[in-house]
Amino acid sequence: DDGRGIDLVRLRERAVERGIAEAAAMCVIVSDRGDPYALLVDAVGDVVAAGDIDTAPATLDPRWRALVRGVAKLDRLVPLLDVSALFEAA
C-alpha cells in the first residue's frame, strides 16, 4: 500500500441517472492512465472475458453511447465502459 487515496466516481450520477437515490451499491476499482478510481455501481453480475468487440448499437441511449467503446457479444450484448471517456465527459 502506497498510502494514496482513491477517487470515488458515482457512475449513475456521472453517466445517466442524476438525482436518483442510491440503492445497495458496490465499488469496482479501475485504472485510467495509471491512476486508480473506484466506480460506485448498482451491481456486478459477473466478470467475463470480452472476446470480440463490436460497435455499440444505434439503439443504445446516446448518453451511454458516448461512454462505451463498444459491446461484447456474450449470451447478450454487454456494453464496455470507456473509462477515459467517462472522465472526459465530466
Side-chain angles (χ1 to χ4, degrees):
D1 180 24
D2 62 9
R4 292 188 305 165
I6 296 178
D7 291 325
L8 174 68
V9 178
R10 297 174 191 276
L11 190 56
R12 181 183 285 210
E13 290 177 13
R14 176 67 65 89
V16 178
E17 307 281 341
R18 298 184 194 283
I20 294 177
E22 291 175 10
M26 62 186 310
C27 287
V28 175
I29 307 300
V30 298
S31 178
D32 181 52
R33 299 179 185 110
D35 294 319
Y37 295 92
L39 300 181
L40 187 65
V41 300
D42 292 338
V44 173
D46 203 356
V47 178
V48 297
D52 293 331
I53 299 173
D54 288 337
T55 304
T59 55
L60 185 63
D61 184 313
R63 297 171 292 182
W64 276 111
R65 191 173 171 79
L67 299 175
V68 299
R69 58 184 184 114
V71 293
K73 288 185 178 179
L74 303 174
D75 57 337
R76 65 196 183 290
L77 293 179
V78 178
L80 302 173
L81 180 66
D82 181 340
V83 176
S84 293
L86 176 66
F87 297 121
E88 291 167 2

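Only this structure's heavy atoms are used, side chains among them; waters, hydrogens and symmetry mates stay out.
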On a heavy-atom basis, the closest approach of P79 and V71 is CA-CG1, 3.9 Å
Contacts of R76 meeting side-chain hydrogen bond (donor to acceptor under 3.5 Å, both in side chains) (sequence neighbours excluded), chain-then-number -> none
Sequence neighbours excluded, the answer for side-chain contact (heavy atoms from CB on, under 4.5 Å) partners of V30 is V28, Y37, L39, V83
Here the pair of heavy atoms bringing A85 nearest to A66 is CB-O, 3.7 Å
Checklist entry - Can any side-chain N or O of R65 pair as donor or acceptor with the backbone N or O of P57 at less than 3.5 Å? => result yes
Taken in chain and number order and not counting sequence neighbours, the residues that satisfy side-chain hydrogen bond (donor to acceptor under 3.5 Å, both in side chains) with D32 are S84
side-chain contact (heavy atoms from CB on, under 4.5 Å) filter on L80, not counting sequence neighbours, yields A50, I53, R69, A72
Result for side-chain contact (heavy atoms from CB on, under 4.5 Å) between V68 and one of D82, L60, T55 points to L60
message = For residues V44 and L67: do they belong to one hydrophobic cluster (side chain heavy atoms under 4.5 Å, members Ile, Leu, Val, Met, Phe, Trp, Tyr)?
response = yes
